[in-house]
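Below: one structure, written as structure tokens.
Each ligand, and each atom within it, is numbered from 1 in the order the structure gives.
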Amino acid sequence: MLARLLLALAGVLLMTDPASAQRFVGNERPAWRLVIHGGAGVIQRDRLTPEQDAAIRAALDRALQAGSAVLERGGSALDAVEAAVQLLEDDPNFNAGRGAVFTYEGSIEHDAAIMDGRDRRAGAVTGSTHTRHPVTLARRVMENSPHVFLRGLGADQFSVEQGLEQVPNEYFHTPERRRQWEEFRARPSAEAFDIDLKYGTVGAVALDREGNVAAATSTGGLTGKRWGRIGDSPIIGAGTYADNRACAVSATGAGEFFIREGVAHEICARLRFTRDSAQQAADTVMAEMRALGGTGGVIVVTPGGDSIYSFNTPGMYRGQASPAGRSVAIYGDE
Ligand code: ASP
């Protein structure tokens, strides 16, 4: 009698969470996934020296290692995307953190966002100027403020109040970005952006062992940006989105078009409301954005374990990791 009661109780307990039981059916979903990007654009073999090529691959691999270490030990997707993006922010090869592009006036203003697929909490900043890791500032906005999006001086002030590491704006300056800025300013018409047609924004999306997804994006924006221009990266739904019901997305490219298309949210919506695979959803939305005149790329990971890239530029700095290993790539034909 007692044994029967215990059996019945065990049966009830085992059936109480059909959603999580379903997630692991057939053990098809990899234990965890991480995908990163370091920007898309006219990235071709003749445009990078062997040294630059090697340095970028090594930096991407370091970021993958940092995020993978979190996921491997059972940490959250949120922690993993933050860890990976911090590494890329520190690396001068990318347009984020140190090595970000110059504004029209010749300073650095960062944009960043982070989003948790569990409950769609999100945090973002635009025009932050002294925080070493803007992605971490975005996370503090999400976790320690009642808001989603802070700008400029207020974001800087919040960062200080949160005790985040502060650095002089010059810390973010690099000779290569200054050269690009000088070239930009010397042109007869300083109207057109993307001087090298190379976007160096960084981002990460991850799936953790619990089946949760998260996304993060960090950037300096576009060389010569002015009048307080804000790109897609920190705009929730444009350059960054995460929703456990669909996927996590981080974008890079001509921000104005990603905003108009609502790229990151649109990909998630297609996954929720159509029978598209992740690749189909991303390719379709990127094609629609391309039709508006924009170029760039996205990385996507789903709670089901799909991880994909989609880009309509010659190359995209990118990489992915799972328990099966890590890989990085730069050019379109890799
Ligand atoms: N999407 C970014 C922006 O428009 C630029 C980039 O991807 O590098 O601000």
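- Applying the 4.0 Å criterion to heavy atoms of G255 picks out, from ligand 1, the atoms 4 (O).
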Exercise for review: Start with the C-alpha distance between F172 and H110, add both sets of side-chain angles, then the distance that settles ring-ring contact (aromatic ring centres under 6.0 Å, His included), and finish with yes or no.
Suggested key: CA-CA 10 Å; F172 301 115; H110 294 121; 4.4 Å; yes
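- Proximity to D232 (heavy-atom distance under 4.0 Å) selects the following atoms of ligand 1: 1 (N), 2 (C), 3 (C), 4 (O).
- One finds no salt bridge joining R318 and E334 here, because no Lys/Arg side-chain nitrogen approaches an Asp/Glu carboxylate oxygen to under 4.0 Å.
- Using a 4.0 Å heavy-atom cutoff, G253 is listed among the residues neighbouring ligand 1.
- With a 4.0 Å cut-off on non-hydrogen atoms, A251 does not touch ligand 1 at all.
- Ligand-side atoms of ligand 1 in range of T252: 6 (C), 7 (O), 8 (O), range being under 4.0 angstrom from any heavy atom.
- Side-chain contact check for T217 and T240: at least one donor-acceptor pair (N or O, by modelled atom type) lies under 3.5 Å.
- Nearest heavy-atom pair, C268 versus V249, reported as atom, atom and distance to 0.1 Å: SG-CG2, 4.1 Å.
- Numbered from 1 in the order shown, with element, the atoms of ligand 1 that lie under 4.0 Å from a heavy atom of S233 read 1 (N), 2 (C).
- Comment: R57 engages D53 in a salt bridge, judged by a side-chain N to carboxylate O separation of less than 4.0 angstrom.
- Salt bridge annotation for E176-R179: present, with a cationic side-chain nitrogen under 4.0 angstrom from a carboxylate oxygen.
- Nearest to atom 4 (O) of ligand 1 by heavy atom, out of R229, K225, H37, E256, is R229.
- Close contacts between ligand 1 and G221 involve ligand atoms 5 (C), 9 (O) [criterion: under 4.0 Å to a heavy atom].
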Practice item. Quick one: do H130 and Y171 satisfy ring-ring contact (aromatic ring centres under 6.0 Å, His included)? Show the steps, please. Key: CA-CA 9 Å; H130 291 291; Y171 162 85; over 10 Å; no
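- Considering backbone and side-chain atoms together, G200 places an N or O closer than 3.5 Å to an N or O of ligand 1.
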